[in-house]
Participant: 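Before I ask anything, let me first share the structure, which is written out below as structure tokens.
As a basis for the values below, the full set of heavy atoms in this structure was taken, side chains included, without hydrogen atoms, waters or symmetry mates. Proteins get letters first, then strands, A, B, ... in listed order; numbering begins at 1 in each.
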4 protein chains.
Amino acid sequence: MSRQDETYRLLSSLVLRPSRRRESSRRATLDAALALLRADGYGAMTIERIAARAGVGKQTIYRWWPSKGAVVFEALLEDLRVSLTFDDTGDLRADLTTQVTSLSRVFASPDGRHMAALIGGAQGDPDLAQALLEHWVRPRRRYAMAFLQQAKDRGQLRPDLDLEVGIDIIWAPLYYRLLLHYAPLDEAHAAAVVDAALTGLAVRSD
Amino acid sequence: MSRQDETYRLLSSLVLRPSRRRESSRRATLDAALALLRADGYGAMTIERIAARAGVGKQTIYRWWPSKGAVVFEALLEDLRVSLTFDDTGDLRADLTTQVTSLSRVFASPDGRHMAALIGGAQGDPDLAQALLEHWVRPRRRYAMAFLQQAKDRGQLRPDLDLEVGIDIIWAPLYYRLLLHYAPLDEAHAAAVVDAALTGLAVRSD
Amino acid sequence: MSRQDETYRLLSSLVLRPSRRRESSRRATLDAALALLRADGYGAMTIERIAARAGVGKQTIYRWWPSKGAVVFEALLEDLRVSLTFDDTGDLRADLTTQVTSLSRVFASPDGRHMAALIGGAQGDPDLAQALLEHWVRPRRRYAMAFLQQAKDRGQLRPDLDLEVGIDIIWAPLYYRLLLHYAPLDEAHAAAVVDAALTGLAVRSD
Amino acid sequence: MSRQDETYRLLSSLVLRPSRRRESSRRATLDAALALLRADGYGAMTIERIAARAGVGKQTIYRWWPSKGAVVFEALLEDLRVSLTFDDTGDLRADLTTQVTSLSRVFASPDGRHMAALIGGAQGDPDLAQALLEHWVRPRRRYAMAFLQQAKDRGQLRPDLDLEVGIDIIWAPLYYRLLLHYAPLDEAHAAAVVDAALTGLAVRSD
DNA sequence: CACTAATCGAGACGGTACGTCTAGTCTTAGA
DNA sequence: TCTAAGACTAGACGTACCGTCTCGATTAGTG
């Protein structure tokens with residue numbers, strides 16, 4: 001390849017980006033990925049099989065996604081459409097419980113296992129980890145942060161509270177149970193977590 | 001052979017079972033696994049390489065461990081020796097902070113990445129998941145439970161508190177940060193989590 | 001995809017089949033097989049080692065040959081190029097002796113051991129047996145048959161003779177000595193066999 | 001071990017040789033070998049399986065036989081008991097035909113495939129080759145030689161005939177057909193071979 | 001008749017190769 | 001030019017046997 005070709009290619013990929021990417025191949029790939037995920041589970045999937053089922057060349061997948069996890073995550077995310085937004089009724093405890101319960105239900109469903117597998121896969125796949133952070137973790141925390149900030153502004157939360165830590169305390173237990181299989185995820189647990197987080201474990205010393 | 005002999009033979013083969021497992025092979029395998037883990041990371045390891053480095057037949061590994069993850073976990077656990085026990089000075093907040101900080105330090109160290117990889121691997125490896133639950137999660141929670149129960153008995157915790165939920169709220173954030181890579185694990189975070197969990201997020205309504 | 005397209009696709013895959021087999025891999029495989037055969041002998045060879053020496057993936061070998069024996073036989077046959085054709089000088093005894101001696105020399109050479117190993121291997125490898133029959137036994141017998149038929153037409157052979165049996169009697173002793181290691185193969189033996197076969201063992205009763 | 005001990009040991013092993021070999025183990029091994037040969041064929045057998053079926057330690061087999069082939073050959077030979085002796089009625093052609101047909105029948109039976117497998121195995125197993133030569137080939141040829149010598153003495157065979165070559169010509173075709181699978185072995189073929197060998201292929205030139 | 005050493009069954013061991021699978025790259029024909 | 005198809009190198013998978021090596025538990029023959 002000549003120097004000029006190279007330059008052109010670089011420019012076009014960054015700037016012009018005609019993006020001859022064929023939408024039909026993208027769709028077929030994601031559909032196949034989702035179908036295989038639901039049928040066989042994350043571990044049993046391979047890029048080879050996704051390509052075969054999608055009627056798409058392997059190269060086409062490697063061209064547009066950095067790893068198996070990235071394909072599967074995109075497919076699952078597109079399908080999952082878990083609500084990000086909070087109802088803000090003013091009843092802090094109720095609104096939080098609604099939100100936490102909603103995620104808990106997803107985690108308890110078959111798709112919960114797939115999320116777990118993806119988080120698991122991300123431990124050895126930086127691209128997937130990146131995608132997960134960007135398209136799952138950060139948006140969720142952003143909305144939660146806004147919600148809690150409003151509650152704080154209304155004086156419903158301790159004024160000295162670090163909201164990042166608050167989010168950790170409320171949501172981390174769901175991920176813990178999802179990934180450690182210590183005990184099942186259910187609505188009672190979700191509600192109890194919100195309750196304990198808001199009230200605190202310690203007796204009131206004042 | 002007499003009937004009695006036969007019975008004896010059967011019993012001895014089932015019950016006494018001298019288990020001719022050779023300790024030297026076990027040691028070599030675990031040492032090799034640990035060395036490779038530290039050198040290349042969990043993802044880059046293979047049973048083949050563990051066997052080669054240990055100077056052990058692959059079959060010998062497959063004979064005694066159900067999966068790569070199980071070998072690595074046993075090796076890491078043996079080496080880690082993270083303290084399980086709590087100092088119980090009576091100062092609940094201080095004791096919890098000490099304990100949580102200690103685990104946080106492990107998670108922040110290189111071995112934290114290995115623990116993350118193992119928890120990740122457990123999502124697709126039931127044997128590893130089982131081992132993790134049995135030899136990591138449950139013992140830790142058992143000690144934490146005893147500790148919190150004593151605090152509760154002393155009247156330091158809310159009498160209506162579900163201690164399982166309490167443990168979740170205190171420790172889950174560490175696993176969350178370990179696995180989701182949202183933000184680094186450090187001592188300040190550990191202390192803030194303990195603090196928020198004990199005090200609660202909400203303003204005191206009374 | 002239209003119905004016609006589908007039909008075309010099916011037909012082209014079955015009939016046209018461009019066979020994208022890469023000649024360079026075929027060559028490297030056969031060369032490596034021959035080199036290993038000559039160096040270590042048939043028994044000590046493995047598909048693994050052929051692949052390694054050829055710089056070829058194992059799968060590529062398994063894709064195109066049904067067994068180790070089939071690869072080795074193809075390699076040896078390509079290299080051996082034993083003459084099939086007969087000089088037909090009209091002197092039946094001399095021509096046969098020339099031909100039998102020629103094969104006897106091959107059998108007495110190092111390649112003879114390899115042929116023996118291949119015939120041995122064919123006893124438990126139907127694919128190799130098939131290849132041996134198709135590319136060694138049958139062509140040889142076809143030429144021998146044509147030669148003997150001409151001699152018979154010229155009145156040099158008994159008119160009631162079953163030529164298949166005639167071929168057996170002349171050539172089988174070479175295979176017998178090759179495989180049973182009863183006594184060495186040499187030119188004197190080859191000539192004696194031709195002589196005895198033509199003349200017969202019995203005294204002439206007329 | 002002292003020098004004297006060593007000497008004693010050597011002597012006793014060579015001379016006294018109490019041979020504590022347990023006949024029951026030998027029997028069980030050979031029976032198991034034969035059963036597996038008949039059930040699965042030579043290629044599918046392993047020393048491991050023979051030992052397991054015989055209820056015998058692998059070491060015991062390795063102690064007394066040099067290779068799988070040697071065990072199987074001993075087992076088959078013990079069971080086969082093909083007649084070695086010739087009826088000598090004076091009718092040379094008839095007696096030979098009887099004998100050749102008898103071996104042809106064995107080769108055409110399932111045990112023929114096993115003999116073929118053993119001859120095949122002998123190509124890569126010197127111990128088996130040795131056993132085959134000693135206990136199959138040589139005894140057979142010895143008897144044939146004696147028989148043909150008598151015929152020669154009676155003036156039924158050409159006085160200048162090399163009897164080794166004569167034996168080759170008569171019996172080799174059976175081995176050829178057994179091992180090359182060119183055409184089936186049947187009684188007609190056996191008779192035709194004897195006939196052609198005795199009479200010769202060529203027209204009588206005198 | 002007890003002793004003692006070879007033999008036995010069992011099966012773990014270090015190895016090697018098997019045949020399969022998938023990764024990720026490369027080649028080719030066709031749209 | 002980009003795609004699908006799929007062949008390619010590479011190498012791990014988990015299994016099967018190899019032949020060697022303990023390990024106690026039988027056996028014989030000997031002392």
Participant: How many Å lie between CE on B:M45 and C1' on F:dC13, as a whole number?
Facilitator: 15 Å

Participant: State which of E:dC13, F:dG14, E:dC8 makes the closest approach to the side chain of D:R21.
Facilitator: E:dC8

Participant: State, yes or no, whether a side-chain contact exists between A:H135 and A:E74 at a heavy-atom distance under 4.5 Å.
Facilitator: no

Participant: Expressed as a whole number of angstroms, how long is the span from A:Q59:CD to F:dG6:P?
Facilitator: 15 Å

Participant: Rounded to whole angstrom units, what separation is found between the CZ atom of C:R20 and the P atom of F:dA7?
Facilitator: 8 Å

Participant: Between C:A44 and A:R49, which is nearer to the 5' end of DNA chain E once each is assigned its nearest nucleotide?
Facilitator: C:A44

Participant: Starting at CD1 of D:I61 and ending at P of E:dA10, how long is that distance when rounded to a whole Å?
Facilitator: 12 Å

Participant: Within this structure, what is the CZ-to-C1' distance between D:R63 and E:dG9, rounded to whole angstrom?
Facilitator: 11 Å

Participant: Return the 5'-most residue of the pair C:G57, A:A52 with respect to DNA chain F, ranking by each residue's nearest nucleotide.
Facilitator: A:A52

Participant: Is the shortest side-chain N/O distance from B:T60 to OP1 or OP2 of E:dG14 below 4.0 Å?
Facilitator: yes

Participant: For B:W65 and F:dG14, what is the distance between atoms CH2 and P respectively, to the nearest whole Å?
Facilitator: 15 Å

Participant: In whole angstrom, give the distance that lies between atom CH2 of B:W64 and atom P of E:dG11.
Facilitator: 11 Å

Participant: Using the side-chain heavy atoms of C:K58, tell me which of these nucleotides is nearest: E:dT7, E:dG19, E:dC13.
Facilitator: E:dG19

Participant: In this structure, how many angstroms lie between the P atom of F:dG11 and the CD1 atom of B:I47, rounded?
Facilitator: 19 Å

Participant: Less than 4.5 Å apart, any side-chain heavy atom of C:W64 and any of C:R26?
Facilitator: no

Participant: If you assign each of D:E48 and A:K68 to its closest nucleotide in DNA chain E, which residue comes earlier from the 5' end?
Facilitator: D:E48

Participant: I want to check something: taking the side chain as every heavy atom from C-beta on, are A:Y42 and A:K68 in contact at a cut-off of under 4.5 Å?
Facilitator: yes

Participant: Starting at the 5' end of DNA chain F and moving along, which residue's nearest nucleotide shows up first, B:Y62 or C:S25?
Facilitator: C:S25

Participant: With the side chain counted from C-beta on, respond yes when C:D31 and C:R53 share a heavy-atom pair under 4.5 Å apart, and no when they do not.
Facilitator: no

Participant: Measuring from atom CG of A:D125 to atom OG of A:S67, what distance do you get when rounded to the nearest 0.5 angstrom?
Facilitator: 3.5 Å

Participant: Checking all strands, does D:R22 fall into the base, sugar-phosphate, or nothing category for heavy-atom contacts under 4.0 angstrom?
Facilitator: base

Participant: If you look at every strand shown and take non-hydrogen atoms under 4.0 Å, does C:T46 touch a base, only sugar-phosphate, or nothing?
Facilitator: sugar-phosphate

